[in-house]
There are 2 protein chains.
Amino acid sequence: MLYLRYLVAENAMMVWVVDYKDLQVFQSVATTLHLGRVSQQLHMSASTLSRRLSKIEQEVGACLIDRGVSPWQLTPAGELFRQYVEQTLSSWQQLRRNVSQHISDLAGSLTLYCSVTASYSVLADVLSRFREQYPRVDLRVHTGDAAESIARVEAGDADVVIAARPESLAAHLTFKTIAHSPLLFIAPKSINSVAALHHTPIDWSQVPMVLSEQGLARTRVNQWFQGQGIEPHVYAQVSGNEAIVSMVALGVGVGVVPELVLRNSPMANRVRIMPIQPELEPFAIGLCARAERLSDPLVHALWKTAAL
Amino acid sequence: MLYLRYLVAENAMMVWVVDYKDLQVFQSVATTLHLGRVSQQLHMSASTLSRRLSKIEQEVGACLIDRGVSPWQLTPAGELFRQYVEQTLSSWQQLRRNVSQHISDLAGSLTLYCSVTASYSVLADVLSRFREQYPRVDLRVHTGDAAESIARVEAGDADVVIAARPESLAAHLTFKTIAHSPLLFIAPKSINSVAALHHTPIDWSQVPMVLSEQGLARTRVNQWFQGQGIEPHVYAQVSGNEAIVSMVALGVGVGVVPELVLRNSPMANRVRIMPIQPELEPFAIGLCARAERLSDPLVHALWKTAAL
DNA sequence: CGCAAATATAGCATTTTACGCAAAGCTGAA
DNA sequence: TTCAGCTTTGCGTAAAATGCTATATTTGCG
């Protein structure tokens, strides 16, 4: 006769990898008691389902389903687990309800100002996420010239603006970057329209440039030309990045615009991006507000939401 | 002014991938409120931990931790979630206790009979697993000749036997395969000791064979020789596979034994395995019991345990 | 104001895990 | 005993998680 002396640690194989999906799976199985049907119902192959059940049983530490009979039957442990799953899942949903309830308690109104440039790419993201979590906050969004944005926050016309980060930021303002957009040189699609581009290397003094009248983009371009030791031939100075794309498309000359402006421009397919080295320093797009406004729960909430 | 019309489905991004590990992680973080310390404590890199927290927040649908202060602080939603986690984890452990309680309630005694051959490989597996789940069951294991095993179940001397599956199984017996072991031809290490093996192809009529007196192994060997149209030269008939290995090791002739007997034989390094084609049909090792005994909860439990 | 420490994120290589398909194994019924 | 349907397993591939490193932020503290 053989005497046993196997000692098995209680939680030896526990890895705590059961997730809520597993619980849902088990719930379906416990209801349907038929692997094939459940696998169809849950759009997963029978093998996946089978393995998932095994994993669960291993984690729970007991055989949960008596597969020896048809239809399947829950073992006593399985029945216990079924009840547990029911309770746990409902408790999880309950939590989510509570949380979203809690969250959506925030109410009030928030005024945003957004440069047209910025509105193209970032606005939708920021707003949809915020809207999801705080449906009861009344959002008012104004769009306008980028140059105005900082003034708007300072004046208090807007709680938050979405704009490119200015070269220098006043001390009482806070900025949160949420995206970057490179500054691109663009030329007409038909290179013939700007004869000077035919030379290699390009003789920039002969290239008619279409640039922003002022603002960050212009600053960056000036810095770039200066760094190259070049005196550009500025053909036209425009207010508003959108117009630059149009003018370039018409063959007037070469322009510089943020990538996201170009991406959203109806003229985008009528210009081409020039591979320029070194690249211009990209724009940082983000949120800007007066520092003291961050204590406002709504502003704070928006700030956090955008962070994700 | 821009009016919003974003409709965000309530559970849009839910993928239900939060597992218990995540809950543990959050619990640690909620207690320690310090990423670095927790990452050490839990043996994971800071980046992993950070990502994991983000995932959790996304699943819960709210920002749970205010990272803007030091030390961190739970948001209201975070506090809610912390309580939830506490409750859920304890409930999970409770379930496991209940289940193992439930499981280990099974008590009584079970008598196993096990052929020496089978005991080498399978017994430990089967028993340790069973022992883990049903610690209160008193297991009595007898070992003995394989040929006797079927008789033992039929007589009721053993509730279950572990043995090779016989060629034909009486109707009132059930068998559950849990392992396979190939049947191997073995020859002495020094080939010189059996001169007939020097020819190619082997002239089997000249090779002295050491075979089981009877039993499954013998049947298989007979079938094999018959299939080859060969009349073997049976030099010795032995009872018990173990003895065959010894005799072959001594240079008496060529034998046939299950792989697992060979693996566990102290003589294993004094014989060599012959690459024989076609291979003999392997043994099926498993559990055997009288069909009606399966209704006994203990037997049933053993049956299920062995299945995993 | 800026510096130092802590935290977050991106990119990458590597390991782990999950999945589906096909093949093998098992169960129940003819 | 054999057959058909249901399950499980083997295996190659796809997806996800993780650690590391580098970099950008952010907080706390002079």
Side-chain angles (χ1 to χ4, degrees), chain A residues 15-19 21-22 25 29 32-40 42-59 63 65-73 165 168-172 174-180 281-282 284-287 291 294 303-304 306-308, chain B residues 15-19 21-22 25 29 32-40 42-58 63 65-73 165 167-169 171 174-180 282 284 286-287 291 294 303-304 306-308:
Chain A
V15 267
W16 301 78
V17 288
V18 194
D19 60 30
K21 194 78 197 163
D22 287 319
V25 166
V29 172
T32 309
L33 292 171
H34 187 291
L35 187 142
R37 256 188 288 289
V38 175
S39 79
Q40 280 196 295
L42 267 53
H43 310 293
M44 56 175 72
S45 73
S47 69
T48 298
L49 186 47
S50 171
R51 265 185 289 240
R52 250 185 139 127
L53 289 175
S54 297
K55 187 185 79 177
I56 296 173
E57 289 185 315
Q58 191 181 318
E59 288 283 310
C63 172
I65 299 167
D66 184 352
R67 297 152 165 91
V69 293
S70 181
W72 282 356
Q73 202 174 325
R165 178 180 200 139
S168 73
L169 200 62
H172 59 287
T174 324
F175 190 93
K176 181 173 200 68
T177 307
I178 51 185
H180 291 273
E281 191 182 334
I285 317 289
L287 268 40
L294 275 182
W303 221 255
K304 288 297 170 188
L308 294 176
Chain B
V15 264
W16 301 77
V17 288
V18 192
D19 60 31
K21 194 79 195 162
D22 288 319
V25 166
V29 172
T32 309
L33 293 170
H34 187 293
L35 186 141
R37 260 189 286 288
V38 174
S39 79
Q40 281 195 295
L42 267 52
H43 310 293
M44 56 175 70
S45 73
S47 72
T48 298
L49 186 48
S50 176
R51 272 183 294 218
R52 217 155 172 160
L53 289 176
S54 297
K55 187 186 80 177
I56 296 173
E57 290 185 316
Q58 190 180 320
C63 172
I65 299 167
D66 183 354
R67 298 149 162 97
V69 292
S70 177
W72 282 354
Q73 202 175 324
R165 176 177 202 141
E167 204 76 46
S168 72
L169 200 62
T174 323
F175 190 91
K176 179 170 202 71
T177 307
I178 52 186
H180 291 274
L287 267 42
L294 274 183
W303 220 254
K304 289 297 168 186
L308 294 177

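These values consider heavy atoms only, across backbone and side chains, with no hydrogens, waters or symmetry-generated copies. Here the structure is a predicted model, which means the values were calculated and not measured. Residue numbers begin at 1 in each chain, while the letters A, B, ... track the order of the sequences.
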Let me know the distance between CG of B/Leu53 and P of C/dA8, rounded to the nearest Å. 8 Å

A/Glu281 meets the side chain to side chain contact (heavy atoms under 4.5 Å, CB included) criterion, sequence neighbours left out, with A/Arg220

Can you tell me the distance, in whole Å, between the CG atom of B/Asp19 and the P atom of C/dT17? 11 Å

Where along nucleotides 21-28 of chain C does protein come under 4.0 Å, by heavy atom, of base (B) or sugar-phosphate alone (S), with - for untouched nucleotides? B----S-S

Given C/dA8, D/dT7, D/dA17, which nucleotide is nearest the side-chain atoms of B/Lys55? D/dA17

Can you name the side chain to side chain contact (heavy atoms under 4.5 Å, CB included) partners of A/Leu294, sequence neighbours left out? A/Thr174, A/Val299, A/Trp303

Here the distance between atom C1' of D/dT7 and atom CE of A/Met44, to the nearest Å, is 16 Å

From CD of B/Glu57 over to P of C/dT9, roughly how many Å is that when rounded to an integer? 9 Å

Taking side chain as C-beta onward, heavy atoms only, is B/Gln73 less than 4.5 Å from B/Leu33? no

Test of understanding: with side chain to side chain contact (heavy atoms under 4.5 Å, CB included), list the residues that count as partners of A/Ser50, not counting sequence neighbours. A/Leu35

Could you tell me whether the side chain of B/Thr32 and the main chain of B/Val29 form a donor-acceptor pair under 3.5 Å? no

Report the residues that fulfil salt bridge (charged side-chain N to carboxylate O under 4.0 Å, His left out) with A/Asp19, sequence neighbours left out, ordered by chain and then residue number. A/Arg52

What residues, two or more places apart in sequence or in another chain, satisfy salt bridge (charged side-chain N to carboxylate O under 4.0 Å, His left out) together with A/Lys21? none

Which pairs, protein N/O on one side and nucleotides 12-15 of chain D N/O on the other, fall under 3.5 Å?
none

Report yes if a side-chain nitrogen or oxygen of B/His34 is closer than 4.0 Å to either non-bridging phosphate oxygen (OP1 or OP2) of C/dT7; otherwise report no. yes

Residues which pass side chain to side chain donor-acceptor pair (under 3.5 Å) with A/Asp66, listed by chain and number, not counting sequence neighbours: B/Lys304

Return the value, rounded to whole Å, for the distance between atom CG of A/Leu42 and atom P of C/dC19. 11 Å

Which comes earlier along DNA chain C counting from the 5' end, the contact point of B/Leu33 or that of A/Val17, where each point is its nearest nucleotide? B/Leu33

Want to settle it: does B/Leu49 or A/Ala284 sit nearer the 5' end of DNA chain D, counting the closest nucleotide to each? B/Leu49

Using side-chain heavy atoms (C-beta onward) and a distance below 4.5 Å, is B/Trp16 in contact with A/Val25? no

Side chain to side chain donor-acceptor pair (under 3.5 Å) partners of B/Arg67, counting only residues at least two apart: B/Glu57

In whole angstrom, what separates A/Trp303's CH2 from D/dT27's P? 11 Å

Restricting to side chain to side chain donor-acceptor pair (under 3.5 Å), what partner residues turn up for B/His34, sequence neighbours left out? none

Whole-Å distance, B/Asp66 CG to C/dT7 C1', equals 13 Å

With sequence neighbours excluded, what pairs up with A/Ser47 under the side chain to side chain contact (heavy atoms under 4.5 Å, CB included) test? A/Ser45, A/Arg51

Rounded interatomic separation in angstrom, taking CZ from B/Arg52 and C1' from C/dT9: 18 Å

If the helix axis at each end comes from five base pairs, how far does the helix from C/dC1-D/dG30 to C/dA30-D/dT1 deviate from straight, to 10°? 40°

